Protein chains: 2
Amino acid sequence: MATTRDRLIDGAAALLDEGGPAAVTLREVGRRAGVSHNAPYKHFRDKRDLLAAIAADELRVLAGRLTEAAAGETGAARIGAALHAYVGWAVAAPERFRLVFGAWTGPHAELEDAAQAAVVAITEVVTAAQAEDEALPRGTERLVALLRSTAHGLVDLELAGHLRKRPGAPGPDDLIDELITLVRGGGTAQRH
Amino acid sequence: MATTRDRLIDGAAALLDEGGPAAVTLREVGRRAGVSHNAPYKHFRDKRDLLAAIAADELRVLAGRLTEAAAGETGAARIGAALHAYVGWAVAAPERFRLVFGAWTGPHAELEDAAQAAVVAITEVVTAAQAEDEALPRGTERLVALLRSTAHGLVDLELAGHLRKRPGAPGPDDLIDELITLVRGGGTAQRH
DNA sequence: ACCTGAACACCGTTCAAGT
DNA sequence: ACCTGAACACCGTTCAAGT
């Protein structure tokens with residue numbers, strides 16, 4: 001049986017998916033959890049803190065998916081699998097994606113820890129890929145930053161409807177494949 | 001002398017810059033324009049429509065900056081200049097950047113027109129660059145989508161504080177230069 | 001420790017009415 | 001055509017009080 005705190009988080013996450021952060025009213029969150037409209041204040045400092053708990057959960061899910069997806073591949077394909085997992089995660093839950101990477105006024109410890117763990121996960125994937133594929137550029141930090149940014153931007157533009165105006169235009173997954181190819185110098189060499 | 005509509009937009013844009021969309025209350029917008037708290041409804045359908053007018057203005061500014069920045073360069077440097085202008089625009093006005101590319105529920109004609117014009121502007125830059133630099137990959141649509149996504153993602157992660165945890169880590173401008181290099185195959189050839 | 005109900009200060013939006 | 005003031009239905013947050 002779930003604790004009140006868990007039910008509050010679940011209800012808030014459902015409301016978030018349904019209508020974005022504005023739809024996450026503490027009154028409705030409380031109602032769905034079977035408590036009063038301000039019971040949430042006994043478990044979270046305020047609405048922001050409740051949303052941050054959801055965001056941190058989601059970042060931990062993301063880190064796990066990236067690691068798992070990359071584990072079944074070798075070389076640059078590790079990176080491709082991780083980035084495809086990133087896109088799949090974001091597109092499946094756009095509001096959670098937007099929440100995680102949205103404007104957080106002021107620091108939040110749990111959220112920052114989870115974000116750091118996600119960066120570590122993708123960094124490990126890229127390090128392994130670089131060790132297996134000499135066609136990948138050296139410099140893990142720069143490459144990670146570039147790959148993260150592109151995957152993130154692809155998703156954000158796709159969700160905003162700014163990427164595919166023309167039917168048949170390449171989507172995020174197509175463009176990730178192209179990115180991997182370009183980053184490897186456009187060639188196919190995979191020496192070890 | 002500015003019309004009421006202009007003063008409403010100016011006041012709303014200032015409030016947006018100061019504290020994000022939540023800070024744009026129609027009451028304060030009206031107060032700054034010297035009208036009542038619901039006079040805005042005579043010029044805009046609702047708050048969303050007022051924000052969309054700001055976003056459309058901003059997209060037109062962006063399109064102009066991209067074109068202007070690229071005009072002074074040749075080959076791949078056109079793209080570099082345009083993307084640096086994109087980053088400069090976004091970082092200078094983070095809230096406007098977030099507004100423009102944020103979650104717009106339902107279509108908005110003026111905003112979509114302005115977005116289309118911005119895509120046309122960057123597409124023209126890339127087309128010109130491709131004609132001058134054979135090291136750039138062919139396929140304008142795919143390259144434009146990739147470049148836009150990376151620049152957008154760089155800015156979004158930077159603004160969220162997710163890009164540069166370590167002091168001295170590469171910033172958006174550094175990574176754009178690296179992107180251009182990688183996209184040209186890592187080489188420096190620039191035959192015409 | 002956890003929860004409730006009333007209350008406060010907001011906010012977007014609507015409406016009748018004014019010039 | 002453009003604007004105002006009152007009103008409505010919200011919402012986040014606080015507080016005193018209950019078990």
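Chain letters run A, B, ... following the sequence lines, proteins first, then strands; residues in each count from 1. Model, not experiment: these values are computed from the prediction.
- Base contact: B/His37 has a heavy atom under 4.0 Å from a base atom.
- In this structure, A/Val24 reaches the sugar-phosphate backbone alone: every heavy-atom distance under 4.0 Å involves primed, P, OP1 or OP2 atoms, never a base.
- Which of C/dT4, D/dC3, D/dG12 sits closest to the side chain of B/Lys42 comes down to D/dC3.
- Side-chain atoms of B/Asn38 and base atoms of D/dG5 include a donor and an acceptor less than 3.5 Å apart.
- Between B/Tyr41 atom OH and D/dC8 atom C1' there is a gap of 13 Å when expressed in whole angstrom units.
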With salt bridge (Lys or Arg N to Asp or Glu O under 4.0 Å) as the criterion, how do B/Glu132 and B/Arg78 come out once you've worked through the C-alpha distance, each side chain's angles and the decisive distance to 0.1 Å? CA-CA 10 Å; B/Glu132 291 160 351; B/Arg78 286 188 194 271; 2.8 Å; yes
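- Contact annotation for B/Lys47: backbone-only contact, meaning every heavy-atom pair under 4.0 Å involves sugar-phosphate atoms and none involves a base.
- Counting only distance, with no hydrogens or angles, the side chain of B/Gln130 and the backbone of B/Pro137 share a donor-acceptor pair below 3.5 Å.
- Every residue two or more places apart in sequence or in another chain that forms a salt bridge (Lys or Arg N to Asp or Glu O under 4.0 Å) with B/Asp17 is listed here: B/Arg96.
- Nearest to the side-chain atoms of B/Ser36 among the listed nucleotides C/dT13, D/dG12, D/dT4 stands D/dT4.
- The distance from atom CG of A/Leu51 to atom P of D/dC11 is 15 Å, rounded to the nearest whole Å.
- The CG atom of B/Leu50 sits 14 Å away from the C1' atom of C/dT13 (whole-angstrom rounding).
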Where do A/Ile176 and A/Leu147 land on the side-chain contact (heavy atoms from CB on, under 4.5 Å) test, with the steps shown first? CA-CA 9 Å; A/Ile176 279 176; A/Leu147 294 168; over 6 Å; no
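- With no hydrogens or angles considered, a side-chain donor-acceptor pair links A/Asp177 and A/His84 at under 3.5 Å.
- For B/Leu26, taking side-chain heavy atoms from C-beta onward, the closest of the listed nucleotides C/dG12, D/dG12, D/dT4 is C/dG12.
- By the salt bridge (Lys or Arg N to Asp or Glu O under 4.0 Å) test, A/Glu28 pairs with A/Arg31, A/Arg32, sequence neighbours left out.
- Spacing between atom CD of A/Glu28 and atom P of D/dT13 amounts to 17 Å, rounded to whole angstrom units.
- In this structure, CZ of A/Arg27 is placed 13 Å from C1' of C/dC11, rounded to the nearest angstrom.
- For DNA chain D, the stems formed by at least three consecutive Watson-Crick or G-U pairs, with both atom-pair distances below 3.5 Å, span C:4-8 with D:12-16, C:12-16 with D:4-8.
- Taking atom CZ of residue B/Phe44 and atom P of nucleotide D/dA1, one finds them 18 Å apart after rounding to whole Å.
- In this structure, A/Arg31 atom CZ and C/dG5 atom P are separated by 15 Å, rounded to whole Å.
- C/dG12 atom P lies 13 Å from atom CG of B/Leu8, rounded to whole Å.
- Listed nucleotides C/dT4, C/dG12, D/dC11 differ in distance to A/Thr25; the shortest reach to its side chain belongs to D/dC11.
- Here B/Arg166 pairs with A/Glu141 in a salt bridge; the nearest charged N to carboxylate O distance falls below 4.0 Å.
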